[in-house]
Amino acid sequence: MQMPAAEHDEAWLKEALQQAVMLELATLPPYLCGLWSIKEVDQGSDVFETIHEIIFDEMSHMGLVCNMVTTIGDAPRIADSELVPKYPGPLPGGVQPGLDVFLSGLTKQALYMYSRIERPEDPVVEARESGTSIGAFYTAILEAFRSRPELIKGTRQLTRNMSAAHGVGNNVTPLRSLGDVEAALRVIKEQGEGTSASPQNPFPGAADEMAHFYSFREIFHGRKLIRVSDDPPRFDFQGDEIPMPQTFRMGTVPAGGWSAGGVPVSEAVQHDLTEFNRHYSSLLRFLERAWQAEQPGVASQMLNRAVVEMINLQTPAQALMDTPLPDGSGMTYGPEFRYVEEGP
């Protein structure tokens with residue numbers, strides 16, 4: 001996606017939005033592994049609730065980006081083995097180059113990776129780092145929309161009301177004008193990165209909710225981020241303690257999955273892996289069909305079926321996380337998030 005801004009034409013915008021769909025999808029498996037690795041005794045903890053809300057934000061972001069794809073007359077490609085993110089691997093769209101995204105349980109290493117995914121170009125705390133942020137990627141998309149607003153047709157727009165449970169920014173809304181697109185991109189960028197003046201999420205599910213980057217850094221540091229100076233404004237991780245929850249010790253999934261990485265897989269483990277990958281693949285197919293559907297009723301039905309498949313992922317995932325690896329390390333298996341084609 002590294003092209004001069006002057007060359008960001010309709011073809012560039014369509015490809016950039018396809019990459020954006022995959023970018024939003026790419027964040028979900030690592031965050032879900034972290035969430036599901038938290039043991040039941042701590043599933044009401046602040047850490048659990050924070051990651052849970054971030055995941056719902058990312059789901060709504062993906063829905064908004066899919067609406068951007070269809071509003072310019074294209075269709076998102078989601079159920080595609082060539083495009084579905086693989087782990088470990090890079091983020092789509094050239095975002096945060098050099099970052100290797102992996103699947104594991106919730107650890108300090110995983111939290112560091114989560115915050116690298118969400119890192120703004122110029123955070124209000126910690127040093128500035130080079131690299132293309134998610135926010136910068138979406139800024140380029142916004143400028144392309146602004147240069148070609150006539151591309152916005154409002155076709156095949158899906159709606160999902162999620163604000164009652166997850167905050168004002170989490171609705172998937174129709175995008176029928178440049179103003180609609182600008183508002184959606186602001187939600188995506190600022191829920192993830194905050195603003196240049198504040199680490200807070202301007203579209204929170206709860207009062208004083210931090211943007212994703214700062215939430216992950218809080219958990220990493222084990223302290224709340226607070227303002228420590230007004231003039232000049234300065235923030236630091238000096239607030240209340242945030243204890244790490246008890247977790248299943250899910251190991252890092254090797255490239256291609258456990259078997260491909262040389263890890264012995266029993267029949268019971270293979271059953272859970274197959275079941276998980278089947279539900280995950282069905283989820284992606286239903287999402288793709290939802291944004292391909294011409295009739296709103298069909299689209300809504302496909303989206304509802306995708307939600308059911310999302311719910312179906314947790315049981316096999318946690319069964320895997322409760323199964324020790326055979327190497328005596330004390331680590332466990334976990335889901336692979338591999339896309340498999342639909343059977344005959």
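Bear in mind that the values here come from a model prediction, so they are computed numbers and not experimental data.
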May I ask you to test the [X]-[Y] pair for a side-chain heavy-atom distance under 4.5 Å?
X: Q109; Y: F102; answer: yes
X: L103; Y: E336; answer: no
X: W258; Y: L325; answer: yes
X: I152; Y: L175; answer: no
X: L185; Y: M68; answer: yes
X: R305; Y: L283; answer: no
X: W291; Y: N67; answer: yes
X: S81; Y: E341; answer: yes

Decide side-chain contact (heavy atoms from CB on, under 4.5 Å) for Y114 and I54; before the verdict, give the C-alpha distance in whole Å, the side-chain angles of both, and the deciding distance to 0.1 Å.
CA-CA 11 Å; Y114 301 166; I54 288 172; over 6 Å; no
Stepwise, does the side-chain contact (heavy atoms from CB on, under 4.5 Å) test hold for V101 with M113?
CA-CA 7 Å; V101 180; M113 174 191 66; 4.0 Å; yes
Please report the interatomic distance [atom1]([X]) to [atom2]([Y]), rounded to the nearest 0.5 Å.
X: S133; Y: R116; atom1: OG; atom2: CZ; answer: 12.0 Å
X: T71; Y: L64; atom1: OG1; atom2: CG; answer: 12.0 Å
X: R176; Y: K153; atom1: CZ; atom2: NZ; answer: 14.5 Å
X: I78; Y: S281; atom1: CD1; atom2: OG; answer: 13.0 Å
X: D46; Y: E241; atom1: CG; atom2: CD; answer: 11.5 Å
X: I141; Y: W12; atom1: CD1; atom2: CH2; answer: 5.5 Å

I would like to know whether R146 and E182 meet salt bridge (Lys or Arg N to Asp or Glu O under 4.0 Å); could you show each step before the answer?
CA-CA 9 Å; R146 284 174 171 166; E182 288 175 332; 2.9 Å; yes
Any donor-acceptor pair under 3.5 Å from [X] side chain to [Y] backbone:
X: N171; Y: T173; value: no
X: S198; Y: G194; value: no
X: R249; Y: M321; value: no
X: K108; Y: I219; value: no
X: E53; Y: G205; value: no
X: E49; Y: G44; value: no
X: E24; Y: M62; value: no
X: T139; Y: G135; value: yes
X: T332; Y: D322; value: no
X: R223; Y: Q238; value: no

Considering all heavy atoms, the nearest [X]-[Y] contact:
X: T252; Y: S104; answer: OG1-CB, 3.8 Å
X: R285; Y: A79; answer: CG-CB, 3.5 Å
X: P245; Y: D42; answer: CA-OD2, 3.3 Å
X: P174; Y: D180; answer: O-OD2, 3.8 Å
X: P76; Y: E288; answer: O-CG, 3.7 Å
X: A136; Y: T132; answer: CB-CG2, 4.3 Å

Taking atom types as modelled, find out whether [X] and [Y] have a side-chain donor-acceptor pair closer than 3.5 angstrom.
X: H8; Y: E143; result: no
X: Q157; Y: T70; result: yes
X: N312; Y: E309; result: yes
X: Q270; Y: T274; result: yes
X: E58; Y: H212; result: yes
X: D327; Y: S329; result: yes

Centroid-centroid under 6.0 Å between F216 and Y31 rings
yes
Between Y280 and F337, is the gap from one ring center to the other below 6.0 Å?
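Between Y280 and F337, the centre distance is under 6.0 Å.
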Other cluster members, F213 - Ile/Leu/Val/Met/Phe/Trp/Tyr, side-chain contacts below 4.5 Å
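Same cluster as F213: V124, V125, M210, Y214, L225, F235, F237.
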Would a single hydrophobic cluster contain both [Y] and [X], if residues Ile, Leu, Val, Met, Phe, Trp and Tyr are joined by side-chain heavy-atom contacts under 4.5 Å?
X: L158; Y: V307; value: no
X: L25; Y: M302; value: no
X: F286; Y: F276; value: no

Verify salt bridge (Lys or Arg N to Asp or Glu O under 4.0 Å) between E275 and R278, making sure each step is shown before the conclusion.
CA-CA 5 Å; E275 191 74 358; R278 182 176 66 82; 2.8 Å; yes
Can you confirm whether more than 12 heavy atoms, excluding those of Q295, are under 6.0 Å from its CD atom?
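Open: at most 12 neighbouring heavy atoms sit under 6.0 Å from CD of Q295.
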Start with the C-alpha gap between R160 and L303, add the side-chain angles, then the distance that decides, and say whether side-chain contact (heavy atoms from CB on, under 4.5 Å) holds.
CA-CA 9 Å; R160 192 85 180 180; L303 203 54; 3.8 Å; yes
Among H61, E118, E209, which residue meets the side chain to side chain contact (heavy atoms under 4.5 Å, CB included) test with Q191?
H61
Side chain to side chain contact (heavy atoms under 4.5 Å, CB included) partner of Y333, the single match among L320, L273, V253, D272
L320
Salt bridge (Lys or Arg N to Asp or Glu O under 4.0 Å) for R119 and E193? Distances and angles first, verdict last.
CA-CA 7 Å; R119 189 178 186 87; E193 299 182 354; over 6 Å; no
Trace of the salt bridge (Lys or Arg N to Asp or Glu O under 4.0 Å) decision for E190 with R186:
CA-CA 6 Å; E190 294 183 0; R186 182 187 170 206; 3.0 Å; yes
Go through the steps for R217 and Y112 under the test side-chain contact (heavy atoms from CB on, under 4.5 Å), then give the verdict.
CA-CA 7 Å; R217 295 309 283 166; Y112 177 75; 3.8 Å; yes
